[in-house]
Amino acid sequence: MPLKYAPAFGVAASLLSLSLLSGCTSLPKLEARPSSSFLPLDEARETQLGQSASERTARHPGVSGLYLLDDPRGAFAARALLARTAERTLDVQYYIWEDDLTGTLLLQALLDAARRGVRVRLLLDDLGNSLPDNLLAALSEHPNIEVRLFNPFKYRSLPWIGFVTDFSRTNRRMHNKSFTADNQATIVGGRNVGDEYFGATDGTLFSDLDVLAIGPVVQEVSEDFDRYWASGSAYPVDRLLPEAASDTLEDLSSRTARIKQQPNARTYIKALEESSIVTQLLSGELDLVWAPTRLLSDDPAKGLGEASQKGHLIDQISRIIRGSERSLDIVSAYFVPTRHGARLLTGLADQGVNINVLTNSLAATDVAMVHAGYAKWRKQLLEAGISLFEMTSNEKNASPKTSPAPLSSSSSSLHAKTFALDGETLFIGSFNFDPRSATFNTELGFLIEDAGIAQALHRTFEQEIPTRAYQVRLSEKNDLYWLSKVDGQTKRHDIEPNTSWWKRQSVKFFALLPIDWLL
């Protein structure tokens, strides 16, 4: 064989092999899949959570009670304690569930609930989930636990093959995050389950935002969970995986016991012991914000590319943002506005809307390629008068927490997804302002009509973010520069701060590629 044809032959052979693999293995049928639904309200109101919530919601008809969770350890404790408190059902939906310290502790909390008779439904995206297949199979074999995987990979040990043979489906992921107990209390927001989201790692720590809710919006979350649970993308793991080893759940409990003895776990055990969030929720003493709140969510058919445009969350969010009259404050870990988004934002700025955007700096981001999709639009946004802030990765620049404002805890990387408009309405959820959230991933979040919370985010931009983020500016020569404040002193950076030449050049290269639609 001539040498010049060898690479082509190799590629052809690889594609042929993958084609044969695709033909030999297919996902199981979903016919006769067990059906289930959220706990009916009359039964839910008989639980501890239900009795407490009913008393409070009766005094606030038509609105939901909300409690912001911006502290990572408090957010962990709230989930674990809701699992301990649940009496009838737990419906849990996540993009990422790590097989680490906090992931293990929360998984054990679900197993403990199931062992005392609580029905647990766990819906995980198959790309983000890192729990071993054997463990997922063992959980699903428990009589009170059902586990389903969203858009699962056919080849369990080689998931990348799925991207080659079934890209149109496997490129679509479930990015939703919700944790609902007894159809009476829920946690929705930006956090996945894992150490970096709950502040339990020495590496990247994510600044994030969740909200604990009771009242009418919980029913909306439960109904939405059922839509995803019954969708064409949700596969019961017992149809995908072989039976688990008989001692797998005992191994999980043993591992949990060992983790609890580790010094770094003590902080989280202490958070559970000291957190009063759920106790105060049950006693009616938790200081809730009562506000009209509704769930915004993608049609789960988006996971198969079958949702209409009206079923896309981006369609709802775009309409809301276009209604801005005075101010728009955006926090997005991955901010890739694209031509359409840049046109929308600059158009609003031209109409006199004061726009602030906080995203990650190149030094802080955990996905440099996504930064390239944002960097190409900076000058156009700045020229329109939009203020851009980029989160620093240096915690020494963070100011002490002085108020309950959103995002006021310090971390090395931003992960929150929220926006406020006109100081009256706030969105908190999983939606990033990027093409993946708009087109491929499914997302959800709360739209909250409360001036207090919305204005708190605006004050954060005015008071705290300038001390924790670089403000991007344009010079008279139309060059970018960055301002940071450290110990009361303002410092100017003429190149992207705390980055290497190689990293900056990589971003410039990626910015030239037509890959925004993938970011």
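Keep in mind that this is a model prediction, so the values were computed, not measured.
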Ion pair [X]/[Y], N-O distance below 4.0 Å:
| X | Y | value |
| --- | --- | --- |
| Arg88 | Glu43 | yes |
| Arg79 | Asp210 | yes |
| Asp224 | Arg227 | yes |
| Arg378 | Glu390 | yes |
| Asp315 | Arg319 | yes |

Would you say the side-chain atoms of [X] and [Y] include a donor-acceptor pair closer than 3.5 Å?
| X | Y | result |
| --- | --- | --- |
| Arg173 | Asn441 | no |
| Thr180 | Asp91 | no |
| Gln219 | Glu223 | yes |
| Thr47 | Glu87 | no |
| Asn176 | Glu443 | no |
| Asn183 | Ser222 | yes |
| Arg121 | Ser36 | yes |
| Thr425 | Glu449 | no |
| Ser130 | Asp99 | no |

Would you indicate whether Lys379, at its atom NZ, is surrounded by more than 12 heavy atoms from other residues, nucleotides or ligands within a distance under 6.0 Å?
yes
Flag if over 12 foreign heavy atoms under 6.0 Å of CD, Glu273:
yes
Can the ring centres of [X] and [Y] be said to be less than 6.0 Å apart?
| X | Y | result |
| --- | --- | --- |
| His493 | Trp482 | no |
| Phe461 | His458 | no |
| Phe427 | Phe446 | no |

Applying ring pair (Phe, Tyr, Trp, His ring centres under 6.0 Å), name anything that partners Trp377, two or more places apart in sequence or on another chain.
none
cation_pi(Arg172, Phe440) dist<6.0 Å, angle<=45:
no
Parallel under 30°, tilted from 30 to 60°, perpendicular over 60°: which one fits the rings of Tyr228 and Phe150?
tilted
Parallel, tilted or perpendicular: which fits the ring planes of Trp229 and Phe225, with parallel below 30° and perpendicular above 60°?
parallel
Output yes when a side-chain donor or acceptor of Asp422 lies under 3.5 Å from a complementary backbone atom of Glu424, and no otherwise.
no
